[in-house]
Amino acid sequence: MATDQSKRWNATRLPDLTGRTAVVTGANSGIGLTAADALTRAGAHVVFAVRDLDRGRTAAATLSGSTEVRRLDLADLSSVRAFADAWQGRPLDLLINNAGVMMIPQRRTPDGFEMQFGTNHLGHFALTNLLLPYVTDRVVTVSSGAHRWGSGTVRFDDLNLDADYTPRGAYAQSKLANLLFTLELQRRLTQAGSRVRALAAHPGYAATNLQSHAGSRAARAFMSFGNRFLAQDDRAGALPTLYAATADLPGASYVGPDGIAEMRGGPTLVGRTAAASDPEVARRLWTVSEELTKVTFPAVPAAL
């Protein structure tokens, strides 16, 4: 149920982040750029992890705070490894796994994975585990209400969906994977005695350029209409991410808008499907993801 507008959490309530470092994937546009802007305004140093350096630099130049731009193509595991290798041991307070592709025609990553699963899940899975030894506070992964679409399951027998590919189904599977990844990551962090927290967020229906890449003309037309008349703007869409990144919330929490159908509104804790809460499926997905990426859960510092 929506709360009174004056009581809703917003970016003006971010804590002082001076001296803290955040990596935001896909920070050159949409809610990634908006989140980066809010974090820099609160004093954080934000690393734009982007595929296109020129676009990243142009976007970073629009912000007044402390930023740097580094190349990262989440669809290419060699690029993910290069980004992590270049980190060189710097403490990383906050990793925001924001970048993604949405409802695109069937394509493969350079490593042979279905593009949406490979980018939205496997790329972030590898990046998180490679950077985790340096993370000091939390990992926030952006999922979506789309995890509820279709069968609502992970197709372990056909992760690339070769037998039954649809842009919508592939996107839904990747967003479900984001939630299962967060669940298992938090379990492993807790088991290791780490104080780092893993959380997930979704923006509701936020008007960004992500929808413009949908695979069909009809889908793009529908989303253009929705962006204009139904969606909230990217600043409101970024609030669940920012809330998950800074509020004192339990690990494995899921944050989204508090309005009808979680489409818009202020950030609050929201529910997820039973499939997205299944610890056994989460562990199976983790094992498969390790096999596919050749990246495993690292040794992490235990809490003092």
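What you see is a predicted model, and the numbers here were worked out from it, not measured in a lab.
- The shortest distance between side-chain heavy atoms of Leu292 and Phe125 does not fall below 4.5 Å.
- Among residues two or more places apart in sequence or in another chain, the salt bridge (charged side-chain N to carboxylate O under 4.0 Å, His left out) test is passed with Arg197 by Asp248.
- In this structure, Glu262 and Thr268 have side chains that are not in contact, with every pair of non-hydrogen atoms separated by 4.5 Å or more.
- No side-chain N or O of Thr25 forms a donor-acceptor pair with one of Asn98 less than 3.5 Å apart.
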task: Report the C-alpha distance between Leu95 and Leu127 in whole Å, list the side-chain angles of each, state the deciding distance to 0.1 Å, and finish with yes or no for side chain to side chain contact (heavy atoms under 4.5 Å, CB included).
output: CA-CA 9 Å; Leu95 173 59; Leu127 178 70; 4.2 Å; yes
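- Taking the charged nitrogens against the carboxylate oxygens, Arg51 and Asp76 have no contact shorter than 4.0 Å, which rules out a salt bridge.
- Linking ILVMFWY residues whenever their side-chain heavy atoms come closer than 4.5 Å, directly or via other members, places Val46 and Val50 in the same cluster.
- Ser143 places a side-chain N or O within donor-acceptor distance of the main-chain N or O of Lys175, the cut-off being under 3.5 Å.
- Within the 4.5 Å cutoff, the side chain of Gln186 has no heavy atoms near those of the Thr182 side chain.
- Atom CZ of Arg70 sits in a crowded spot, with more than 12 heavy atoms from other residues, nucleotides or ligands closer than 6.0 Å.
- In this model, a donor atom of one side chain and an acceptor atom of the other lie less than 3.5 Å apart for Asn120 and Ser174.
- His124 places no side-chain N or O within donor-acceptor distance of the main-chain N or O of Asn178, the cut-off being under 3.5 Å.
- For the pair Lys294/Leu77, no side-chain contact is recorded, criterion being any heavy-atom separation below 4.5 Å from C-beta on.
- No donor-acceptor distance shorter than 3.5 angstrom exists from the side chain of Glu184 to the backbone of Arg284, with no hydrogens or angles considered.
- Shown here are the salt bridge (charged side-chain N to carboxylate O under 4.0 Å, His left out) partners of Arg107, two or more places apart in sequence or in another chain: there are none.
- Hydrophobic clustering, with ILVMFWY side chains joined whenever heavy atoms are under 4.5 angstrom apart, groups Val135 together with Phe83.
- Between the side chain of Glu114 and the backbone N or O of Gln106, no donor-acceptor pair lies under 3.5 Å.
- The shortest distance between side-chain heavy atoms of His147 and Tyr254 falls below 4.5 Å.
- By the 30° and 60° cut-offs, the orientation of the rings of Phe181 relative to Trp286 is parallel.
- Pro257 pairs with exactly one of Arg8, Met263, His202 by the side chain to side chain contact (heavy atoms under 4.5 Å, CB included) rule, that one being His202.
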